[in-house]
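Worksheet for the structure shown next.
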Amino acid sequence: MRQVKVGFLVAGVVALIVTAAAPAHAVRLADTAIYIEINETDGDAGIHVFLDGEGWDTMRMISPNGVEFSVLAENSIGLQGITEFFFESAEPSFDVQTLDELLALFPAGVYRFRGTTTDGLPLRGRARLTHRLPEGPVLVFPIEGEEVDPDDAVFSWQASPDPPGSQIVGYEVIVGCEEPGFVDFAAKVGPDVTSVTVPPEVLDQDGAAECKWEVLAIEASGNQTLNESEFEID
């Protein structure tokens, strides 16, 4: 009977050793996103990807149909590690690549991220891409070539309808001029807002000439569609 008890003890010790040697649990990415951006004015579209988490030196993005995209950080950046990471694809004209062709390259579904931290730990995350695409907001003022008074600069647009199966969750407005040193203006607003007032000090700058503004309609999964227009400063 004593030998049987010793056998059980040894088995238990072995089990503990195996458990202790098991790989560490994967570290989760703090934030992930993948979405489509359409520019209705220019007639093009592209894919955007964002990751945030512990420092890593390798990362793979695996699409729902198994296609992989890999990033390898080497030398100094590999030793330092990447934390926030954002990229957007090229946006060829719809004459070159149609929207349907883009959607075929990036099917809807869950995209998995598999990486390794600079400490050698597995890093994991996932994000869902949908094909629920909003219509771009119709710009009301200013439209192409109109003048804007810096002391009364109210930029307005028409609300975009909710895409089938989703909803518009907000808008982003960006105003900028091409002159060096000009400070861009950007604001995110709720889905019920259809105008913003740009502060006078933003537009009342010496030398500002060719200026542009755009409004992006953002739907619940992150897909966004924009329209843009140029204007002049009064």
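Listed by chain and number, the residues in a side-chain hydrogen bond (donor to acceptor under 3.5 Å, both in side chains) with Thr41 are Asn227 (sequence neighbours excluded). Take Phe85 and apply the side chain to side chain contact (heavy atoms under 4.5 Å, CB included) test, not counting sequence neighbours, and it matches Leu51, Trp56, Val71, Ile82, Phe87. Remark: Glu91 pairs with no residue by the side-chain hydrogen bond (donor to acceptor under 3.5 Å, both in side chains) rule, at least two apart or across chains. The ring-ring contact (aromatic ring centres under 6.0 Å, His included) test applied to Phe155 returns Trp213, Phe231, not counting sequence neighbours. Taking the side chain to side chain contact (heavy atoms under 4.5 Å, CB included) definition, one finds that Thr98 meets it with Asp100, Glu101, sequence neighbours left out. Not counting sequence neighbours, the partners of Thr58 by the side chain to side chain contact (heavy atoms under 4.5 Å, CB included) test are Leu72, Thr116. Among residues two or more places apart in sequence or in another chain, the side-chain hydrogen bond (donor to acceptor under 3.5 Å, both in side chains) test is passed with Glu74 by none. By the side-chain hydrogen bond (donor to acceptor under 3.5 Å, both in side chains) test, Glu68 pairs with Arg60, sequence neighbours left out.
Of all heavy-atom pairs between Pro161 and Ile168, the closest is O-CG1, 3.8 Å. When every heavy atom of Asp184 is checked against every heavy atom of Gly176, the shortest pair comes out as OD1-CA, 3.2 Å. Closest heavy-atom contact between Ala159 and Tyr171: CA-OH, 3.3 Å. Residues Val148 and Ala153 approach most closely at CG1-CB, 3.6 Å, considering heavy atoms. Smallest separation of non-hydrogen atoms from Cys177 and Ile233: SG-CD1, 4.2 Å. Contact detail for Pro137 and Leu216: the closest heavy-atom pair is CG-C, 4.3 Å.
A distance-only check finds no donor-acceptor pair linking the side chain of Ser156 to the backbone of Val140 [under 3.5 Å]. No donor-acceptor pair under 3.5 Å is formed between the side chain of Tyr111 and the backbone N or O of Ala33.
Sorted by first and then second residue, the pairs that involve residues 118-135 and meet side-chain hydrogen bond (donor to acceptor under 3.5 Å, both in side chains), not counting sequence neighbours, are Thr130-Ser221, Thr130-Asn223. Among pairs with a residue in residues 31-42, none fulfils salt bridge (charged side-chain N to carboxylate O under 4.0 Å, His left out), at least two apart in sequence or across chains.
The distance from atom CG of Leu226 to atom CD1 of Ile38, rounded to the nearest 0.5 Å, is 9.0 Å. Distance check, rounded to the nearest 0.5 Å: CG of Asn75 to CD of Gln80 gives 13.0 Å. For the atom pair Leu133 CG and Ser166 OG, the distance stands at 9.5 Å (nearest 0.5 Å). The CD atom of Glu147 sits 5.5 Å away from the CD atom of Glu232 when rounded to the nearest 0.5 Å. Interatomic distance, Gln167 CD to Asp162 CG, rounded to the nearest 0.5 Å: 6.0 Å. The structure places CE of Met59 at 9.5 Å from OG1 of Thr117, a figure rounded to the nearest 0.5 Å.
Two residues are said to be in side-chain contact when any heavy atoms from C-beta on lie closer than 4.5 Å; His25 and Leu121 fail this criterion. Looking only at side-chain heavy atoms (C-beta outward), Val49 and Phe106 stay at 4.5 Å or farther from each other. When side chains are defined from C-beta on, Pro134 counts as touching Thr225, because their heavy atoms get closer than 4.5 Å. Gln97 places a side-chain heavy atom less than 4.5 Å from the side chain of Leu105. With a 4.5 Å cut-off on side-chain heavy atoms, Pro122 and Val27 do not count as touching. Contact annotation: the side chain of Val175 approaches that of Leu203 to within less than 4.5 Å [non-hydrogen atoms, C-beta and beyond]. Contact of the His48 side chain with the Ile36 side chain is not registered, since no non-hydrogen atoms from C-beta on lie closer than 4.5 Å.
Other members of a hydrophobic cluster containing Ile143 are absent, since no ILVMFWY side chain comes under 4.5 Å of it, directly or through relayed contacts. In this structure, Phe50 belongs to a hydrophobic cluster whose other members, linked by side-chain heavy atoms under 4.5 Å apart, are Tyr35, Phe86.
Both Leu99 and Ile47 are members of a single hydrophobic cluster when ILVMFWY side chains are connected at heavy-atom separations under 4.5 Å. In terms of hydrophobic clustering, with Ile, Leu, Val, Met, Phe, Trp and Tyr side chains grouped at heavy-atom distances under 4.5 Å, Ile218 and Phe185 are assigned to different clusters. Phe141 and Val138 end up in different hydrophobic clusters when Ile, Leu, Val, Met, Phe, Trp and Tyr side chains are linked at under 4.5 Å. At a threshold of 4.5 Å between side-chain heavy atoms, the hydrophobic network of Ile, Leu, Val, Met, Phe, Trp and Tyr places Val193 and Val198 in one connected group. Leu123 and Val110 are not part of a single hydrophobic cluster, where members link through side-chain heavy atoms under 4.5 Å apart.
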Report task. Begin from the C-alpha positions of Met61 and Ile34 and carry the test side chain to side chain contact (heavy atoms under 4.5 Å, CB included) through to its verdict. Result -> CA-CA 10 Å; Met61 181 179 76; Ile34 179 169; 4.1 Å; yes

* **CA sep, side-chain torsions, deciding dist, call: Asp52, Leu29, side chain to side chain contact (heavy atoms under 4.5 Å, CB included)** => CA-CA 6 Å; Asp52 186 21; Leu29 286 163; over 6 Å; no

- Stepwise side chain to side chain contact (heavy atoms under 4.5 Å, CB included) test for Asp152 and Val154: CA-CA 6 Å; Asp152 187 25; Val154 180; 3.8 Å; yes

Walk me through it: do Leu139 and Glu144 pass the test side chain to side chain contact (heavy atoms under 4.5 Å, CB included)? CA-CA 10 Å; Leu139 304 186; Glu144 203 70 25; over 6 Å; no

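A 6.0 Å sphere centred on CD of Glu146 holds more than 12 heavy atoms belonging to other residues, nucleotides or ligands.
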